[in-house]
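In what follows, a structure is listed as structure tokens, so that the remarks can point back to it.
None of these values were measured; they are calculated from a predicted model. When reading the values below, keep in mind they use all heavy atoms of this one structure, side chains included, and skip hydrogens, waters and symmetry mates. Throughout, protein chains are lettered first and strands after them, A, B, ... in sequence-line order, and every chain is numbered starting at 1.
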Amino acid sequence: MREDCKKDFKRLSEYLDGELDPDVCREIEQHFRDCPECRECVESMRKTIQLCKEAAMEEIPADARERLISMLRECFGRTHTE
Amino acid sequence: MNETVTDPVDHRLISEFKAGSMEAMEKIVERYEDRIFTFGLKMCGHLQDAEDIAQETFLNAFKYLKDFREETKLKNWLFRIAATACIRKRRKKKCEPDQEISLESFVPQNGDDVKYEIPDWSDDPSDNMLRAELKDVIDDAIQSLSHKYRLVFNLRDIEGFSTQETADILNISTQSVKTQLHRARLFLREKISTSYKEGFVQ
């Protein structure tokens with residue numbers, strides 16, 4: 001891996017998160033235009049983040065929710081109404 | 001600084017709870033239960049552990065809500081409690097120390113022909129089986145992350161907290177958040193791509 005590729009590889013996440021200065025971003029984007037390997041690298045990172053996010057959300061099961069609410073009612077119902 | 005940054009709906013519900021409303025308590029739970037449960041599940045990997053995390057989080061939250069000064073968002077405060085619960089649970093289980101992820105191991109070497117195949121997530125309900133298999137691959141990859149990387153990844157990429165918010169929740173520096181997040185993402189990309197290539201998902 002070339003030195004400029006290595007440098008951008010290390011700051012890929014900050015680039016994707018928009019945490020770099022605009023000048024640095026422009027420099028990185030210029031590099032991506034000229035370097036298919038790094039372009040592929042950033043795209044696969046972006047897809048990984050997107051995929052994990054889209055597949056992540058769960059719902060608390062109904063019985064677990066019921067137990068949670070009755071435990072909270074038990075603990076706070078009395079203290080609150082006294 | 002006493003500026004209230006809590007969401008207006010949360011602010012109202014907190015006031016109602018402090019005034020004795022059980023309905024407000026349940027509405028707060030309803031607003032955050034799925035997120036806290038998801039976080040617990042992604043952190044611990046088991047339904048029972050996720051339920052324990054949700055119970056401990058809300059129990060402590062309502063116990064100390066009278067002291068909550070609304071200088072941070074309720075969501076951030078709840079996740080701080082949840083993260084502490086996950087760390088405590090891990091300590092109780094006497095798990096192995098965190099394995100460090102080295103950045104160098106992911107730097108492609110000269111001559112490497114590295115191609116990562118990351119599938120797309122389908123929103124089509126007819127792809128249910130494919131989605132279930134892919135979800136297993138993703139969950140397994142996230143579970144393989146060492147605990148400290150998993151904490152940062154879940155807070156940043158799954159829950160969408162900013163770098164600063166994540167640093168505040170975990171009480172670590174923003175630089176540590178950035179470093180750990182980058183390594184976690186590289187690890188997950190490698191793991192998901194390898195599983196995909198090996199044919200877990202076809």
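- In this structure, B/Asp157 and A/Cys52 have side chains that are not in contact, with every pair of non-hydrogen atoms separated by 4.5 Å or more.
- Remark: A/Met71 CE to B/Phe58 CZ distance equals 9.5 Å, nearest 0.5 Å.
- Within the 4.5 angstrom heavy-atom criterion, atoms from both the backbone and the side chain of B/Leu188 approach chain A.
- Enclosure of atom NZ in B/Lys66 by more than 12 non-hydrogen atoms of other residues, nucleotides or ligands within 6.0 angstrom is indicated.
- Scanning both residues, B/His182 and A/Phe9, for their nearest heavy atoms gives NE2-O, 2.9 Å.
- At a 4.5 Å heavy-atom cutoff, the contact between B/Phe153 and chain A is made by side-chain atoms alone.
- Both the backbone and the side chain of B/Leu186 come within contact range of chain A, with heavy atoms under 4.5 Å apart.
- Checked by atom type and distance alone, the side chain of B/Glu51 never pairs as donor or acceptor with a backbone atom of A/Leu68 at under 3.5 Å.
- Interface residue B/Leu41: only side-chain heavy atoms are found under 4.5 Å from chain A.
- Proximity to chain A is absent for every atom of B/Glu117, based on heavy atoms less than 4.5 angstrom apart.
- Heavy-atom distances place no part of B/Glu190 under 4.5 Å from chain A, backbone and side chain included.
- For chain A, the nearby part of B/Asp139 is the side chain; its heavy atoms alone come within less than 4.5 Å.
- When the shell of 6.0 Å around NZ of A/Lys53 is examined, it contains more than 12 heavy atoms from other residues, nucleotides or ligands.
- If you measure heavy-atom distances from A/Glu14 to chain B, the contacts under 4.5 Å come from the side chain alone.
- Within 6.0 Å of the CZ atom in A/Arg33, the count of heavy atoms belonging to other residues, nucleotides or ligands exceeds 12.
- The distance from atom NZ of A/Lys6 to atom CD of B/Glu104, rounded to the nearest 0.5 Å, is 6.0 Å.
- Atom CD of B/Glu23 sits in a sparse spot, with 12 or fewer heavy atoms from other residues, nucleotides or ligands closer than 6.0 Å.
- In this structure, chain A has heavy atoms under 4.5 Å from both the backbone and the side chain of B/Arg35.
- B/Gln55 is not listed as a side-chain neighbour of A/Leu72, based on a closest heavy-atom distance of 4.5 Å or more.
- In terms of modelled atom types and a separation under 3.5 Å, the side chain of B/Arg189 and the main chain of A/Cys41 share a donor-acceptor contact.
- Here the closest heavy-atom approach between residue A/Lys47 and residue B/Pro119 is recorded as CE-O, 4.4 Å.
- The greatest number of non-hydrogen atom pairs below 4.5 Å with chain A, out of B/Ile36, B/Leu47, B/Leu103, B/Leu59, is found for B/Leu59.
- When the shell of 6.0 Å around CD of B/Gln99 is examined, it contains 12 or fewer heavy atoms from other residues, nucleotides or ligands.
- Heavy-atom contacts from other residues, nucleotides or ligands closer than 6.0 Å to CD of A/Glu59 number 12 or fewer.
- Nearest heavy-atom pair across A/Ser44 and B/Ile118 is O-CG1, 3.8 Å.
- Residue B/Leu181 comes nearest to A/Asp17 through the heavy atom pair CD2-OD2, 3.7 Å, listed as atom of the first residue, atom of the second, then distance.
- Between B/Ile138 and A/Ala55, the shortest heavy-atom contact is CD1-CB, 3.5 Å.
- The shortest heavy-atom contact between A/Ala56 and B/Ile158 is CB-CG2, 3.5 Å.
- For the pair A/Ile69 and B/Glu26, the minimum side-chain heavy-atom distance is below 4.5 Å.
- Note that the OH atom of B/Tyr116 and the CE atom of A/Met45 stand 9.5 Å from one another [nearest 0.5 Å].
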Subject >> Steps toward salt bridge (Lys or Arg N to Asp or Glu O under 4.0 Å) verdict (B/Lys135, A/Glu58) >> reply: CA-CA 11 Å; B/Lys135 192 166 171 15; A/Glu58 309 273 352; 2.7 Å; yes

Original post:
Could you go step by step and tell me if A/Leu51 and B/Leu134 meet the side-chain contact (heavy atoms from CB on, under 4.5 Å) rule?
Top reply: CA-CA 10 Å; A/Leu51 177 67; B/Leu134 183 52; 3.9 Å; yes

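- For the atom pair CD1 of A/Ile49 and CZ of B/Arg185, the computed distance is 3.5 Å after rounding to the nearest 0.5 Å.
- Side-chain contact between A/Phe76 and B/Met22: present, with at least one pair of heavy atoms (C-beta onward) separated by less than 4.5 Å.
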